[in-house]
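What's counted below: heavy atoms across the whole structure, side chains too, no hydrogens, waters or symmetry copies. Along the sequence shown, the residues carry numbers beginning at 1.
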Amino acid sequence: MESGPITGPVPTDGVAGETLPRSADLSGVPAKPNPAAASGAIGGAFWRRFVFRRPLVALILQRLGLSVGLLFAVSLMIFGGIEALPGDFATTYLGQSATPQAVENIRKDLGLDRPWSERYLTWLGGAVKGDFGTSWASKNSVSEQIGKRLGNSLFLAFFAALISVPLAVGLGMLAVQFRNRLPDKIINVISLAAISLPEFFIGYLLIMFFAVQLGVATFPATVYDSMTLTERLSAIALPVATLVLVVLAHMMRMTRAAILNVMSSAYVETAELKGLGTFRIIARHAAPNAVAPVINVIALNLAYLVVGVVVVEVVFVYPGMGQYMVDAVTVRDMPVVQACGLIFAAFYIFLNMAADILAILANPRLRHPR
């Protein structure tokens, strides 16, 4: 070490001008880096570089992670909410004249004497594997019963979506083409009336008119394995019509609003000045740029078609998930109620996640980053 004239000791055996980090102690020995902080910094830097280079993939991964976390939180809410309900299955099953010992024996057989946290983890682990346990009332496998009922509900929702989605988009484009004219006003009045009526009221009206008075529709809407496709379609005609009327109006109005919002853009005015027809402008220029909000609305209504079939299935006595869940609630069959609630939540979360991902993919700024 050599001393400088003013500044004090100057290092000569190392790199000139090298300074010690602030975390060094008084002896001049640098402090050891924190492994956790270093790994966190490396991970954060990697994620930032990944987001910068692959913004589309990063957003999709974020949506997937949020959906999985939300589904886990919903499962906890479903189990905790059912756990907080007054009474239990043992008392309902044995009746008011049951002895305390008999109630205690049934609770022990069903595992209700264990802590709720232990039962939740057991139930969640089985649900991840597709095993929802055994029904308390029928002693059958819940997964097998749900497999049959879920297929019926998806069959009903599929044909309702197959009719309502193209019809809603087409009517929305038609309302934009004839905006503020008679066709647009008629569509708006009918859609407002359909939105105002609850689905059970629409269902009962359709039953009274088509099944009772005209006799051209089937009621109740019973389906079974040996039925042909034509017989199944005939059986579900009224439930499908009810679901279509419920979701059609909302999708149509949101499609109309999204396209009208795009119609005020400069490129649409340029297309009009070039002499293009109104329908061609809507179909080729306005509608593709209104895809993101339309996709979100369609996804929400598709989620309703799966989740909201409970009321419609009860009205038409349709053997689907909704009817199965209502029957289980009546006898307090908690494994069935928990399984149905989790499956409905999974469909709702999945469809919303799919809508978010499709909206991300429809954004050209994310598909073609600079």
Side-chain angles (χ1 to χ4, degrees), residues 153-203 205-206 210 233 236-265 268 277-313 315-316 347-348 350-362:
S153 294
L154 293 179
F155 181 78
L156 182 63
F158 172 76
F159 281 97
L162 192 66
I163 297 173
S164 60
V165 172
L167 190 59
V169 174
L171 289 176
M173 295 173 63
L174 184 66
V176 172
Q177 184 178 6
F178 296 98
R179 61 183 181 273
N180 299 327
R181 291 154 64 181
L182 184 61
D184 183 26
K185 294 179 180 179
I186 293 176
I187 292 174
N188 282 329
V189 169
I190 295 176
S191 63
L192 284 174
I195 291 175
S196 303
L197 298 176
E199 56 266 31
F200 66 87
F201 185 73
I202 295 176
L205 285 179
L206 293 179
F210 290 101
L233 294 178
I236 66 171
L238 291 183
V240 166
T242 303
L243 289 173
V244 168
L245 290 175
V246 170
V247 301
L248 176 65
H250 187 225
M251 285 193 293
M252 188 277 300
R253 289 180 64 83
M254 293 304 297
T255 302
R256 177 183 181 275
I259 295 177
L260 281 177
N261 187 39
V262 176
M263 290 293 288
S264 60
S265 303
V268 174
T278 304
F279 187 78
R280 186 178 180 184
I281 293 174
I282 295 172
R284 297 190 59 181
H285 298 281
N289 290 281
V291 165
V294 172
I295 286 177
N296 286 324
V297 173
I298 290 175
L300 287 173
N301 284 274
L302 290 180
Y304 173 80
L305 287 178
V306 178
V307 178
V309 294
V310 176
V311 176
V312 175
E313 288 181 359
V315 169
F316 291 95
F347 269 101
Y348 196 87
F350 171 77
L351 289 172
N352 279 275
M353 179 193 67
D356 289 341
I357 292 176
L358 290 175
I360 291 171
L361 294 176

[X] side chain near [Y] side chain, heavy-atom distance below 4.5 Å:
X	Y	answer
Val165	Met251	yes
Ser153	Glu313	yes
Ile298	Val169	yes
Leu154	Phe158	no
Phe200	Thr242	no
Leu171	Arg256	no

To the nearest 0.5 Å, what is the distance between [atom1] on [X] and [atom2] on [Y]?
X	Y	atom1	atom2	answer
Leu167	Met252	CG	CE	9.5 Å
Phe159	Ile163	CZ	CD1	8.5 Å
Leu245	Leu197	CG	CG	9.5 Å

For a quick test of reading the model, state the closest non-hydrogen atom pair linking [X] to [Y] and the distance between them.
X	Y	result
Ala161	Pro166	O-CD, 3.8 Å
Ala160	Leu243	CB-CB, 3.9 Å
Pro239	Leu156	CB-CD1, 3.6 Å

More than 12 foreign heavy atoms under 6.0 Å from CZ of Phe155: is that the case here?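 Count over threshold, so yes.
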